[in-house]
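Encoded as structure tokens, the structure appears first; notes follow it.
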Amino acid sequence: MERRSARLAALANPAAVAPAGWERSESRGLIVYRSPSGREVMVFRVVAGVTDPAAALADLATTMTNGADQITVSSPSSAGSLAVHDVEYSKRGAEMRGKVIGVRQSNGEFLTVTHLAPKTEPGLSARMTASVQKMAALSGGSGSASAATAAGSPAQSRPAATPVSAPKGRGPEVASVLFELSYKYGVGGAAYPNYELVALMKNGSAAKLGGYALDSVDLAAIRRQKSANVGTWQRAGANYRVRWGDGDTSDLKPTVGPPRALPGKSQLVGRYQAIGGGGNVALGGGTITAQVKQFNFRNDGTFSHSSKKTASSGAGVGRASSSTSGRWDLSGPNLTLRYGNGRVVRTTVFYSGSRKSSANFGRYGVLWIGGEDYKRVR
């Protein structure tokens, strides 16, 4: 641990990047600087084996926003050896701004710093711009000052999140929406089937829909977030074959599901719950995480949305929760959520066309809302 921290300190000289007077600490090979107020932090690390700087920064940005209620900006930029990923998001009522900066140094090592603070922190923009310029200086001159300044400008694009704020009529025309079936690990480490929505466009492109409304799919934003989530499609007999941006292919069957829009607004009225998480209990470990999200859509056009997260291990139990409300409207598969704070979110709602009615929940007892599957609860 001491050797790795000493190597990072010698390699990166974080003190040359962090503002004077900030408190320094080390943990698990990371060097952390925290502002006197404790509200702003910079985390330095060396990322090994980086061949795609944008992808490396996107992974760090995803880690930064884990558990976010809403991601409103996620945008990469690069110039020479310098790469920057800007993120703005809300989490438990706090509006946060982050900047992940990466630079390939003269010895080939890829150094990153994650600079994070509440958006209201005084002087934040100037300090973040300074962080970009100081990191560029560590590249041995391959990143120019003008390029660093450009990379430090505020980001404007929006990623595929759940759900995503997006203006109506932004995306290409959709030909069809299908399910891609895969398997993931959930609460405790148990495997479960995962149905991901894939939109096939009339122009021949394809995208994993995430939280986008069908009339607001932003292919460029999805590609910037993860190139593997955008590709091209063609017919393959009775099925569809998609070749993704990373070269992988998916064979999609139109009979899986298939995703269908609700026949009317009344079918959405009710309370729905999604349970997710992870851990290693199913594999003999002692860590478990669980997150419960809930939507309650009412006949009067109002809704509430809550999230509760619990993590348990030998070190103890941690909990976090959030709740929001507003008004909703449904047009085909496109759902509009108007929150009480003025934020407007447009996303999608689908059900499985092959699911049969049941006494407990009916045909619409499981819905895909914003790309996640929700089960109707009493």
Given side chains that start at C-beta, do those of [X] and [Y] come closer than 4.5 Å, heavy atoms only?
X: L367; Y: F350; answer: no
X: T336; Y: V344; answer: yes
X: Y339; Y: R327; answer: no
X: T324; Y: S304; answer: no
X: M42; Y: H115; answer: yes
X: R260; Y: P333; answer: no

Identify which one of K99, R127, R34, K119 satisfies the salt bridge (Lys or Arg N to Asp or Glu O under 4.0 Å) criterion when paired with E40.
R127

Kindly give the heavy-atom pair with the smallest separation between [X] and [Y], and that separation in Å.
X: K208; Y: I222; result: O-CD1, 3.9 Å
X: A236; Y: R241; result: CB-CB, 4.2 Å
X: P258; Y: S354; result: CD-N, 3.9 Å
X: K202; Y: V174; result: CE-O, 4.1 Å
X: L219; Y: S205; result: CD1-OG, 3.3 Å
X: A213; Y: N334; result: CB-OD1, 3.4 Å

When you look at R235 and Y240, which way does the side-chain contact (heavy atoms from CB on, under 4.5 Å) test go after all the steps?
CA-CA 5 Å; R235 290 297 298 261; Y240 297 84; 2.9 Å; yes

Give a yes/no verdict on a cation-pi contact between K226 and W244, requiring under 6.0 Å between NZ or CZ and the six-membered ring centre and an angle within 45° of the axis.
no

Do the side chains of [X] and [Y] join up, straight or via other hydrophobic residues, at under 4.5 Å, putting them in one cluster?
X: V17; Y: V46; result: yes
X: F297; Y: L262; result: yes
X: L181; Y: V366; result: yes
X: V43; Y: V87; result: yes
X: F44; Y: L82; result: yes

Determine yes or no for a side-chain-to-main-chain donor-acceptor pair under 3.5 angstrom, with [X] supplying the side chain and [Y] the backbone.
X: S250; Y: L252; value: no
X: Q267; Y: G264; value: yes
X: S176; Y: L200; value: no

Chi angles and distances behind the side-chain contact (heavy atoms from CB on, under 4.5 Å) call for L335, T348:
CA-CA 5 Å; L335 174 66; T348 54; over 6 Å; no

Could [X] and [Y] be called an ion pair, given the rule that one side-chain N must be under 4.0 Å from one carboxylate O?
X: R104; Y: E109; answer: no
X: K265; Y: D329; answer: yes
X: E95; Y: R97; answer: no
X: R346; Y: D215; answer: yes

Answer with yes or no whether the side chains of S227 and R223 bring together a donor and an acceptor at under 3.5 Å.
no

Can you tell me if Q294 and S306 form a side-chain donor-acceptor pair at under 3.5 Å?
no

Can you measure from [atom1] ([X]) to [atom2] ([Y]) and round to the nearest 0.5 angstrom?
X: W233; Y: L178; atom1: CH2; atom2: CG; result: 9.0 Å
X: L30; Y: R45; atom1: CG; atom2: CZ; result: 5.0 Å
X: L214; Y: L197; atom1: CG; atom2: CG; result: 8.5 Å
X: I101; Y: L111; atom1: CD1; atom2: CG; result: 9.5 Å
X: R298; Y: L268; atom1: CZ; atom2: CG; result: 12.0 Å
X: R363; Y: S352; atom1: CZ; atom2: OG; result: 8.0 Å

Please verify the inter-ring angle class for F303 with F295; under 30° counts as parallel, over 60° as perpendicular, anything in between as tilted.
tilted

Surrounding CD of E23 (heavy atoms of other residues, nucleotides or ligands, distance under 6.0 Å), is the total greater than 12?
no

Within a reach of under 6.0 Å around CG of D300, are more than 12 heavy atoms found that belong to other residues, nucleotides or ligands?
yes

Going by the rule ring pair (Phe, Tyr, Trp, His ring centres under 6.0 Å), which residues pair with Y351 if we only count those two or more places apart in sequence or in a different chain?
Y364

What's the verdict on side-chain contact (heavy atoms from CB on, under 4.5 Å) for L57 and T112, showing C-alpha distance, side-chain angles and the deciding distance?
CA-CA 8 Å; L57 297 194; T112 69; 4.0 Å; yes

CA sep, side-chain torsions, deciding dist, call: M135, V113, side-chain contact (heavy atoms from CB on, under 4.5 Å)
CA-CA 8 Å; M135 285 288 285; V113 58; 3.8 Å; yes

Can the ring centroids of Y195 and F179 be said to lie less than 6.0 angstrom from one another?
yes

